[in-house]
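What follows is a set of notes on a single structure, which appears directly below.
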Number of protein chains: 2
Amino acid sequence: MIKKSVTIKEIAKELNLSVSTISRALHDHPSISAATRLKVKQMAQELHYEPNQAAIHFQKGKTFTIGVILPELSETFFAEALSAIEDIAYKRGYTILLGQSHDDEEKEKLLAEKMRAHRVEGLIVSLAKNTTDYSHFEQLKKYHIPVLYFDRIPPLKNIHHVSCNIETGSTEAVNYLLKQGHRNIALINGPVSLLASKQRKEGYITALQKNRLKFDPSLVVNCNLTERGTREALETLLALKRKPSAVIAFNDYVSSYAVKHAINLGLKINEDICFVSFANSPINQFIQYPPLASVEQFPAIQGQKAIDTLLDIINNHTEEAYYRVVINSELVEHQKTG
Amino acid sequence: MIKKSVTIKEIAKELNLSVSTISRALHDHPSISAATRLKVKQMAQELHYEPNQAAIHFQKGKTFTIGVILPELSETFFAEALSAIEDIAYKRGYTILLGQSHDDEEKEKLLAEKMRAHRVEGLIVSLAKNTTDYSHFEQLKKYHIPVLYFDRIPPLKNIHHVSCNIETGSTEAVNYLLKQGHRNIALINGPVSLLASKQRKEGYITALQKNRLKFDPSLVVNCNLTERGTREALETLLALKRKPSAVIAFNDYVSSYAVKHAINLGLKINEDICFVSFANSPINQFIQYPPLASVEQFPAIQGQKAIDTLLDIINNHTEEAYYRVVINSELVEHQKTG
DNA sequence: TTATTTTACGCAAACGTTTGAATGGATTAG
DNA sequence: CTAATCCATTCAAACGTTTGCGTAAAATAA
């Protein structure tokens with residue numbers, strides 16, 4: 001009843017061969033004859049041989065583990081990214097060691113340290129919101145642990161990163177609204193400190209310029225992404241002489257807050273005012289007035305690229321070059337429900 | 001520059017002691033004098049010694065890995081549960097190997113097989129929606145890999161499981177609405193096949209009986225949890241002679257669909273009809289008319305209990321007894337937003 | 001003092017796999 | 001027919017750690 005797991009040794013004994021022959025046969029080493037190779041593989045099947053990963057890891061001096069540090073798993077964006085990362089890592093024989101910073105820089109430091117101690121072969125990191133010191137990651141270079149930044153990337157020169165080109169999406173969003181006839185288009189942006197905010201604004205301005213419209217700075221307001229902050233931002237916009245007929249929101253959450261408040265203020269959504277936003281998250285499915293369109297950032301594709309390039313870096317030992325993968329965002333129009 | 005990681009051997013050489021002494025000293029083995037124990041630990045610190053996990057796993061014949069199979073990571077409920085599982089596993093020196101079934105029974109089978117090949121020491125499983133054959137998990141008993149079912153559990157006798165008592169929450173939901181003066185309370189339930197549906201219904205009936213109200217079966221309708229199914233369910237209810245003034249929805253998603261449709265039908269939410277639901281998921285934050293209250297199922301606590309009891313099972317080799325941990329759900333009233 | 005126990009450490013094997021080097025036998029070249 | 005070459009396989013060490021057993025020296029008991 002107590003099934004001891006079968007090893008390479010048993011196969012060797014069974015076939016009167018040496019363990020080295022078995023090992024090589026299973027790996028299709030050229031110096032093994034086709035005949036014995038076949039025999040070995042058959043016997044392995046028969047005995048239900050499964051290579052002992054722990055032994056392999058140990059002997060190869062590799063852990064086949066890569067660390068992933070994310071702010072919050074319960075944010076759909078990260079959950080979808082992780083999902084893709086997991087799938088590919090699995091297929092390529094790697095295990096993911098997950099850590100959540102909960103947007104806390106201290107926790108992030110601890111995690112980086114633990115991951116190092118755990119001897120991960122590489123790290124995929126999406127920074128905590130308020131991380132300004134990156135030394136805990138940059139230190140890992142000493143240990144030859146490559147770090148690939150993902151989506152929330154630091155403003156550093158020599159780093160690997162995978163991220164999404166938000167600007168083009170932002171431009172698309174403006175173009176979309178212009179095509180609908182809107183001329184007063186506002187932007188409820190995130191905190192000025194965020195790179196993501198800068199990118200949205202740049203794309204916004206680009207679109208206006210391309211269409212020979214002049215940029216009115218008062219139509220762009222920053223907010224802290226909370227419900228309250230969004231309400232205040234919206235009220236600022238509605239108090240303008242040049243009142244916007246359309247709003248581009250930082251993301252779908254902000255859009256939902258703004259819509260709620262607009263309704264409370266007696267506005268008719270999609271008549272008096274309409275919304276476009278970023279993220280294209282599943283919540284749009286559940287809300288009464290989702291944004292007319294949302295900029296998809298393809299978390300799964302980003303995750304896939306992230307793990308793929310990290311594994312390339314690890315397996316090709318290309319520590320000289322820096323990988324910078326940027327995928328394009330894309331405006332997705334929502335079909336009108338009802 | 002090329003930092004070779006320091007081993008126990010170096011410490012031994014440095015102090016002119018044997019490796020076994022070092023090993024024991026680091027583990028506070030009683031047969032090592034306090035003096036050398038101190039010396040060893042200091043030297044270990046000085047040299048930045050980190051135990052080679054791969055070597056330990058190998059030598060102990062354990063992987064310190066536990067598998068987690070979930071339907072969908074992008075469902076907040078599972079993301080939160082996994083988050084808790086990860087945190088505790090990390091603290092107790094275990095690594096999580098994650099797999100997503102995407103609610104596909106075949107994928108689930110594959111994952112179970114891969115996890116076994118990977119020699120996980122135990123498995124936490126939340127079943128795919130349509131899994132009816134559990135042999136791929138029950139087979140793991142042969143390999144002494146304990147399986148702990150989580151939230152979505154199979155109707156089997158001898159299993160470990162952690163789940164949530166939905167009935168009490170359901171009863172609370174009805175009581176809450178009764179207290180508000182409602183007498184015609186409907187239930188938009190899930191598919192009859194689901195255990196979760198049965199539990200909601202039982203709790204619903206219990207509450208009515210306790211309050212000496214008679215149970216009207218026409219007030220309970222099943223739906224397939226899609227938006228369309230929800231609309232149909234709502235229309236069925238609204239066509240009744242005894243029209244409900246309050247609806248308990250299977251979960252917050254169903255509630256949101258129902259609210260949308262009710263508004264389209266010209267009903268005033270919280271006046272003509274109001275809603276209560278299950279899951280207490282974050283989407284409630286974003287929608288115009290969230291349910292008045294929602295039954296919290298504490299995914300994080302469930303996850304925590306799951307990993308804790310599984311690790312107990314693993315480390316105490318208690319294969320005889322079956323653990324059945326049930327936590328209580330709890331109705332959470334939402335504060336009305338402005 | 002001698003016998004016995006206790007204390008503090010070392011020796012060596014073991015875990016499963018990989019891999020450079022060695023080996024013997026068969027084949028080919030000269 | 002000998003020498004060189006090649007093929008298929010084996011040998012043995014190595015990876016880092018743990019642990020049962022052995023053994024000196026020190027402490028205690030007689």
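In what follows, chains carry the letters A, B, and so on, assigned in the order in which the sequence lines appear, proteins first and then strands, with residues in each chain numbered from 1.
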Are Lys305(B) and Asp312(B) close enough for a salt bridge, meaning some N to O gap below 4.0 Å?
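Looking at Lys305(B) and Asp312(B), the cut-off is not met.
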
So, taking the atom named [atom1] in [X] and the one named [atom2] in [Y], what distance separates them when rounded to the nearest 0.5 Å?
X	Y	atom1	atom2	answer
His118(A)	Ile66(A)	NE2	CD1	13.5 Å
Ser23(B)	Leu17(B)	OG	CG	12.5 Å
Phe78(A)	Leu73(B)	CZ	CG	13.0 Å
His136(B)	Glu108(B)	NE2	CD	4.0 Å
Tyr143(A)	Ser5(B)	OH	OG	10.5 Å

For residues 44-60 of chain A, please give each side-chain donor-acceptor pair under 3.5 Å, one per line with the distance, not counting sequence neighbours.
{"residue": "Glu50(A)", "atom": "OE2", "partner": "Arg116(B)", "partner atom": "NH2", "Å": "3.1"}
{"residue": "Asn52(A)", "atom": "OD1", "partner": "Ala54(A)", "partner atom": "N", "Å": "2.9"}
{"residue": "Asn52(A)", "atom": "OD1", "partner": "Ala55(A)", "partner atom": "N", "Å": "3.1"}

Rounded to whole Å, please give me the gap between [atom1] in [X] and [atom2] in [N].
X	N	atom1	atom2	result
Lys62(A)	dT19(C)	NZ	P	12 Å
Phe64(A)	dT18(C)	CZ	C1'	12 Å
Leu26(B)	dG16(D)	CG	C1'	13 Å
His27(B)	dG20(D)	NE2	P	13 Å
Ile8(A)	dA14(C)	CD1	P	18 Å
Glu10(A)	dC15(C)	CD	C1'	13 Å

Considering only nitrogen or oxygen atoms on both sides, find all protein atoms under 3.5 Å from nucleotides 5-12 of chain D and state each distance.
{"residue": "dT9(D)", "atom": "OP2", "partner": "Ser33(A)", "partner atom": "N", "Å": "3.2"}
{"residue": "dT9(D)", "atom": "OP2", "partner": "Ser33(A)", "partner atom": "OG", "Å": "3.2"}
{"residue": "dT9(D)", "atom": "OP2", "partner": "Thr36(A)", "partner atom": "OG1", "Å": "3.0"}
{"residue": "dT10(D)", "atom": "OP2", "partner": "Ser18(A)", "partner atom": "N", "Å": "3.0"}
{"residue": "dT10(D)", "atom": "OP2", "partner": "Ser18(A)", "partner atom": "OG", "Å": "3.0"}
{"residue": "dT10(D)", "atom": "OP2", "partner": "Thr21(A)", "partner atom": "OG1", "Å": "2.4"}
{"residue": "dT10(D)", "atom": "O4", "partner": "Arg24(A)", "partner atom": "NH2", "Å": "2.7"}
{"residue": "dC11(D)", "atom": "N4", "partner": "Ser20(A)", "partner atom": "OG", "Å": "2.9"}

How is Ser23(A) classified with respect to the nucleic acid when contacts are heavy atoms under 4.0 Å: base, sugar-phosphate, or nothing?
base

Taking distance alone, no hydrogens or angles, what donor-acceptor pairs closer than 3.5 Å link side-chain atoms of residues 91-98 of chain B to residues at least two apart or in another chain?
{"residue": "Arg92(B)", "atom": "NH1", "partner": "Asp308(B)", "partner atom": "OD1", "Å": "3.2"}
{"residue": "Tyr94(B)", "atom": "OH", "partner": "Lys62(B)", "partner atom": "NZ", "Å": "3.4"}
{"residue": "Tyr94(B)", "atom": "OH", "partner": "Glu121(B)", "partner atom": "OE1", "Å": "3.4"}
{"residue": "Tyr94(B)", "atom": "OH", "partner": "Asn315(B)", "partner atom": "OD1", "Å": "3.4"}

Would you sort out whether Glu86(B) and Ser83(B) count as a side chain to side chain donor-acceptor pair (under 3.5 Å), showing the intermediate values?
CA-CA 5 Å; Glu86(B) 265 287 347; Ser83(B) 170; over 6 Å; no

Heavy-atom nearest pair, His161(B) first then Arg324(B), reads CE1-NH1, 3.0 Å

Closest non-hydrogen atom pair between Ser163(A) and Ile153(A), with its separation:
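Of all heavy-atom pairs spanning Ser163(A) and Ile153(A), the closest is OG-CD1, 4.1 Å.
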
Give the ring-plane orientation class for His160(A) versus Tyr323(A), where under 30° counts as parallel, over 60° as perpendicular and anything between as tilted.
tilted

For dC15(C) and Lys9(A) - does any side-chain N or O of the residue sit under 4.0 Å from the phosphate oxygens OP1/OP2?
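Checking dC15(C) against Lys9(A), a side-chain N or O does come within under 4.0 Å of OP1 or OP2.
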
Starting from the first five and the last five pairs of the helix from dT1(C)-dA30(D) to dG30(C)-dC1(D), work out the angle between the resulting helix axes, to 10 degrees.
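Angle reported: 50°, given to the nearest ten degrees.
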
For DNA chain D, determine which residues of residues 43-59 of chain A have any heavy atom closer than 4.0 angstrom to one of its atoms, and list them numerically.
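Of all residues in residues 43-59 of chain A, the ones placing a heavy atom under 4.0 Å from DNA chain D are Phe58(A), Gln59(A).
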
Run the numbers on Lys129(B) and Arg152(B) for side chain to side chain contact (heavy atoms under 4.5 Å, CB included), then give the verdict.
CA-CA 8 Å; Lys129(B) 246 174 209 158; Arg152(B) 296 215 205 146; 3.8 Å; yes

Check nucleotides 23-25 of chain D for protein N or O atoms closer than 3.5 Å to its own N or O atoms and list the pairs.
none

